[in-house]
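Working notes, beginning with the structure itself.
Convention: sequence-line order gives letters A, B, ...; per-chain numbering from 1.
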Protein chains: 2
Amino acid sequence: MNTINLNVKFLLNLARVQSIMSKRFDRGMGNGVGFSEFLILFYLNQSDSQKMRRIDLAEKIGMTASGVTRMLLPMEKIGLIKSGSIDEDARVRSVLLSEGGKQKLDEALERFEILGEDIFSSVKIKEIEAASNLLVEIGGKILMS
Amino acid sequence: MNTINLNVKFLLNLARVQSIMSKRFDRGMGNGVGFSEFLILFYLNQSDSQKMRRIDLAEKIGMTASGVTRMLLPMEKIGLIKSGSIDEDARVRSVLLSEGGKQKLDEALERFEILGEDIFSSVKIKEIEAASNLLVEIGGKILMS
DNA sequence: AACATATACTTGATAGCTCAAGCATACATC
DNA sequence: GATGTATGCTTGAGCTATCAAGTATATGTT
């Protein structure tokens, strides 16, 4: 990489690792959920009422509202989520994590954790923590702009 | 994120930041090259003869051979790269960085560096370096499997 | 109250990739 | 040297997400 700017180098590494990671995720998860579906289930579960507006979900997982609409259709069909409405605003169609979705998420999380241990087996916890914090810092910065 | 496994957390942050980054890249680069095109030009330039086999290029940028084939077609049309063959093996169609491509890369790199400075302005160099090294380490580990 | 503007979502068209299959060449083995 | 298998690349079909435009509701302005 000789004279390449450090920042650029970091961003290139980021892209590379992420590309490798998501492929490995899809392979490792087998016939279960895809990465985007996993993200939806995950963030839904994180929210206190397990219920979110489509647009907030989109922002969380880094996708357009349109993308979320298309993802949710089949997910609702197979009973992973349910759609509803909220009282305060008739424009929003809320997304609710259903029982099936919760189960699927638990399965996926379990396999995901094994995958993680596998990948990080020889990396020090402190290092991962530091890198993770850096990512959050960068992510926040970018989001604000 | 309460009780979520640290590794999982890292991988989620990775995905999020990468998604934000590539969008920001495409926005910031304006009507210039897209991210994948940039990667092609960049890695071509990095190779000593500025010439690579399509398949090595594919592996570098984390894409299938098929994807590379489709990307290169328009890039050759507008004079960013040239296709050739190598003496040792008649199956390969080599990719050569052309003058136009080199110019485009220089422009993109310049803008990319500014983007990088903007994003990392308040992050310590040591931290970036550490995170970057961690990414390389993970990337290598994954590639071997 | 009327109107302009913003927000939440959906939908048609399309971009950018993958996967599976195919073709051509290379390499290994018998 | 014929035959089987691996490699490099391309191509058709299909998937996933985007963008631009459209609909419905909300909010702010006069």
Side-chain angles (χ1 to χ4, degrees), chain A residues 15-16 18-27 29-40 51-78 80-96, chain B residues 15-16 18-27 29-40 44 47 51-78 80-96:
Chain A
R16 184 119 186 272
Q18 164 57 16
S19 145
I20 294 165
M21 273 310 309
S22 65
K23 267 162 207 146
R24 177 142 172 163
F25 179 93
D26 287 339
R27 245 192 327 117
M29 288 310 194
N31 51 2
V33 291
F35 190 61
S36 294
E37 284 174 308
F38 170 77
L39 288 179
I40 286 184
K51 188 168 140 188
M52 287 178 82
R53 306 191 311 161
R54 277 156 156 73
I55 201 167
D56 295 331
L57 202 45
E59 206 261 345
K60 271 279 183 199
I61 69 176
M63 196 181 277
T64 58
S66 153
V68 168
T69 294
R70 289 187 217 279
M71 293 236 18
L72 290 182
L73 206 83
M75 288 180 75
E76 182 156 20
K77 238 175 215 154
I78 61 175
L80 299 179
I81 59 111
K82 278 195 231 88
S83 291
S85 53
I86 65 171
D87 296 344
E88 310 90 59
D89 192 333
R91 289 169 304 179
V92 337
R93 296 217 307 131
S94 67
V95 189
L96 180 69
Chain B
R16 183 122 186 270
Q18 164 57 17
S19 144
I20 294 165
M21 273 309 310
S22 65
K23 268 162 206 146
R24 176 142 171 166
F25 178 94
D26 288 339
R27 248 194 321 117
M29 288 309 197
N31 50 3
V33 291
F35 190 61
S36 294
E37 284 174 309
F38 171 77
L39 288 179
I40 286 183
L44 269 180
S47 89
K51 187 168 140 188
M52 288 179 81
R53 305 191 312 162
R54 276 156 158 73
I55 202 168
D56 295 330
L57 203 44
E59 206 262 343
K60 271 278 182 199
I61 68 177
M63 195 181 278
T64 59
S66 152
V68 168
T69 294
R70 291 187 215 279
M71 293 235 20
L72 290 181
L73 206 85
M75 288 180 75
E76 181 157 20
K77 237 175 215 155
I78 61 175
L80 299 180
I81 58 111
K82 277 195 234 84
S83 291
S85 52
I86 65 170
D87 297 344
E88 311 89 58
D89 193 333
R91 288 170 304 180
V92 338
R93 297 217 307 131
S94 67
V95 190
L96 179 70

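No hydrogens or angles considered: nothing links the side chains of B:Lys51 and B:Ser47 as a donor-acceptor pair under 3.5 Å.
Nucleotide D:dT10 holds its C1' atom 14 Å from the CD atom of B:Glu76, rounded to whole Å. The distance from atom CD1 of B:Ile61 to atom C1' of C:dC17 is 11 Å, rounded to the nearest whole Å. Computed from coordinates, the B:Leu72 CG to C:dC17 P distance equals 11 Å when rounded to whole Å. Spacing between atom CG of B:Leu73 and atom P of C:dA15 amounts to 14 Å, rounded to whole angstrom units. One interatomic measurement links the two molecules: CG of A:Asp89 to C1' of C:dA8, which rounds to 7 Å at whole-angstrom precision. The distance between atom CD of A:Glu59 and atom P of C:dA8, rounded to the nearest whole Å, is 11 Å.
Side-chain to base pairing of A:Arg70 with D:dT18: one donor and one acceptor N or O lie within less than 3.5 Å of each other.
Scored by the salt bridge (Lys or Arg N to Asp or Glu O under 4.0 Å) test, B:Arg54 finds no partners at all (sequence neighbours excluded). Residues passing the side-chain hydrogen bond (donor to acceptor under 3.5 Å, both in side chains) test with B:Arg53 are B:Asp56, sequence neighbours excluded.
Between the side chain of B:Arg16 and the backbone N or O of A:Ile61 there is no donor-acceptor pair closer than 3.5 Å.
For the OP1/OP2 pair of C:dT10 and a distance below 4.0 Å, the side-chain nitrogens and oxygens of A:Arg93 include at least one atom meeting the criterion. Close to D:dC9, at under 4.0 Å from its OP1 or OP2, lies no side-chain N or O of B:Arg91. OP1 or OP2 of D:dA17 has not a single side-chain nitrogen or oxygen of A:Ser66 nearer than 4.0 Å. At least one side-chain nitrogen or oxygen of A:Arg54 sits closer than 4.0 Å to the OP1 or OP2 atom of C:dT10. A sub-4.0 Å separation between OP1 or OP2 of D:dC9 and a side-chain N or O of B:Thr69 is absent.
The side chain of B:Met63 has C:dC17 as its nearest neighbour among C:dC17, C:dA26, D:dT10.
Comparing A:Ile55 and B:Ala90 against DNA chain C, the residue whose closest nucleotide sits nearer the 5' end is A:Ile55.
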